[in-house]
Amino acid sequence: MAAPLLAVVWLARSWTTVESGVDALTRAHPSWLVGAVAVAQLTWIAGAACQQGTVARPLPVGPLLAVQVAGSVANHVLPAGFGVGAVKLRFLHRAGLTLREAVTAVGLDTAAGVTTHLAVLIMLLAGGFLPVDVARLPRGEPVAMVVPAVLAGLALLGLLGWLIAPVRRAARRAWAGVVDHLRSMKTTLQSPSRAALLWGGSAAIPMLHAATLWAIMRALHLPLGVGAVFAIYFAASAASALVPSPGGFGSLDAALTAAIMAAGQSAAIALAAVLGYRMITVWLPMAPSACVLALLVRRGHL
């Protein structure tokens with residue numbers, strides 16, 4: 001909860017920048033904003049396809065799509081990913097899967113999302129799409145000193161954890177869960193249709209979010225190409241995952257703002273882009289998502 005509080009404090013202390021950002025957003029091109037709204041809705045379809053790919057039995061299409069919508073509001077109450085994961089887990093269990101099968105399916109969904117996100121990010125970085133001034137990056141000497149120290153610290157923590165019996169037992173249980181997920185992933189890959197739904201949906205979700213951000217930047221007349229915007233979004237969202245605040249509040253906002261500013265834009269314009277992205281992906285769907293969640297609970301799907 002610290003990240004959202006820090007974001008509120010920063011916004012209060014930088015109110016002039018906030019006003020400039022809001023003013024820039026009000027002067028944005030409306031057609032591009034409408035396009036951004038349309039693209040953002042496709043993330044629910046991609047999420048439904050990904051969820052169907054995690055299970056062998058066919059799921060009802062209507063409730064499956066509704067669960068993706070309902071998970072939006074839940075995801076902004078609990079730490080990142082836990083809300084939508086809890087909604088999906090409850091839905092799969094009510095749909096006839098055992099609790100173990102439902103947990104495995106949600107874990108496979110998460111693992112596929114992380115894997116595809118990192119894969120796309122690596123490709124974008126390798127292609128040189130991230131528009132960051134190289135002079136702002138740390139020099140090689142400090143990095144060469146920090147990396148061995150971090151590796152040594154991780155090795156020390158691993159050794160201490162292995163010597164403590166409760167930690168060792170927890171690590172074994174976690175490793176058993178990883179093995180189960182790998183086996184489930186192997187079974188999924190043996191079915192071309194399930195693999196296409198799982199991996200295609202997992203890759204499409206962050207790319208649609210990045211496309212939404214690009215449409216907002218086009219509405220603000222920012223001179224950043226598609227590749228640059230996609231690299232900014234994937235890098236910022238990966239960095240914000242280190243701070244699992246509810247819905248990424250604070251962490252994702254700060255990471256996106258910093259990345260856009262590092263690409264050469266002013267603080268006001270960067271904040272306008274982030275505010276527009278948050279308005280379309282969070283605030284506008286909030287009320288419909290809450291209504292769909294209540295309806296699913298009433299009808300016994302959750």
Side-chain angles (χ1 to χ4, degrees), residues 3-46 69 72-73 75-77 80 129-133 205-237 239-240 243 245-292:
L5 293 177
L6 290 175
V8 171
V9 172
W10 182 85
L11 289 174
R13 298 186 62 181
S14 308
W15 192 247
T16 303
T17 305
V18 175
E19 289 180 336
S20 301
V22 172
D23 181 63
L25 190 59
T26 57
R27 291 183 282 104
H29 199 288
S31 299
W32 281 106
L33 292 179
V34 172
V37 172
V39 171
Q41 311 315 307
L42 297 178
T43 57
W44 292 333
I45 299 177
V69 180
S72 178
V73 66
N75 208 39
H76 293 91
V77 177
F129 289 106
L130 190 61
V132 177
D133 188 1
I205 293 172
M207 294 184 74
L208 288 170
H209 277 282
T212 303
L213 180 62
W214 175 74
I216 294 170
M217 289 190 173
R218 291 287 296 175
L220 294 170
H221 311 288
L222 297 185
L224 292 174
V226 177
V229 176
F230 272 55
I232 285 173
Y233 176 80
F234 274 82
S237 57
S240 67
V243 183
S245 58
F249 285 129
S251 57
L252 179 59
D253 304 296
L256 277 177
T257 303
I260 297 173
M261 290 175 61
Q265 306 304 313
S266 65
I269 293 297
L271 190 59
V274 174
L275 288 175
Y277 171 77
R278 281 304 201 176
M279 178 185 68
I280 291 174
T281 59
V282 175
W283 300 114
L284 290 181
M286 189 71 74
S289 177
C291 293
V292 172

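We count residues from 1, following the sequence as given.
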With Phe234 via ring pair (Phe, Tyr, Trp, His ring centres under 6.0 Å) - residues at least two apart
His117
Enumerate, atom names and distances included, each donor-acceptor pair closer than 3.5 Å involving a side-chain atom of residues 21-36, sequence neighbours excluded.
residue	atom	partner	partner atom	Å
Asp23	OD2	Arg27	NE	3.2
Asp23	OD2	Arg27	NH2	3.1
Thr26	OG1	Val22	O	3.4
Thr26	OG1	Asp23	O	2.6
His29	ND1	Ser31	N	3.2

Separation between CD1 (Ile260) and OG (Ser266), nearest 0.5 Å, reads 10.0 Å
Once you round to the nearest 0.5 Å, how far does CG of Leu252 lie from OG1 of Thr257?
8.5 Å
Can you tell me how far apart CZ (Arg278) and CG (Leu256) are? Round to the nearest 0.5 Å.
7.5 Å
Under 3.5 Å donor-acceptor pairs involving side-chain atoms of residues 208-233, not counting sequence neighbours:
residue	atom	partner	partner atom	Å
His209	ND1	Tyr277	OH	3.0
Thr212	OG1	Leu208	O	2.9
Tyr233	OH	Tyr277	OH	3.4

4.5 Å side-chain heavy-atom contact, Pro285 and Val69
no
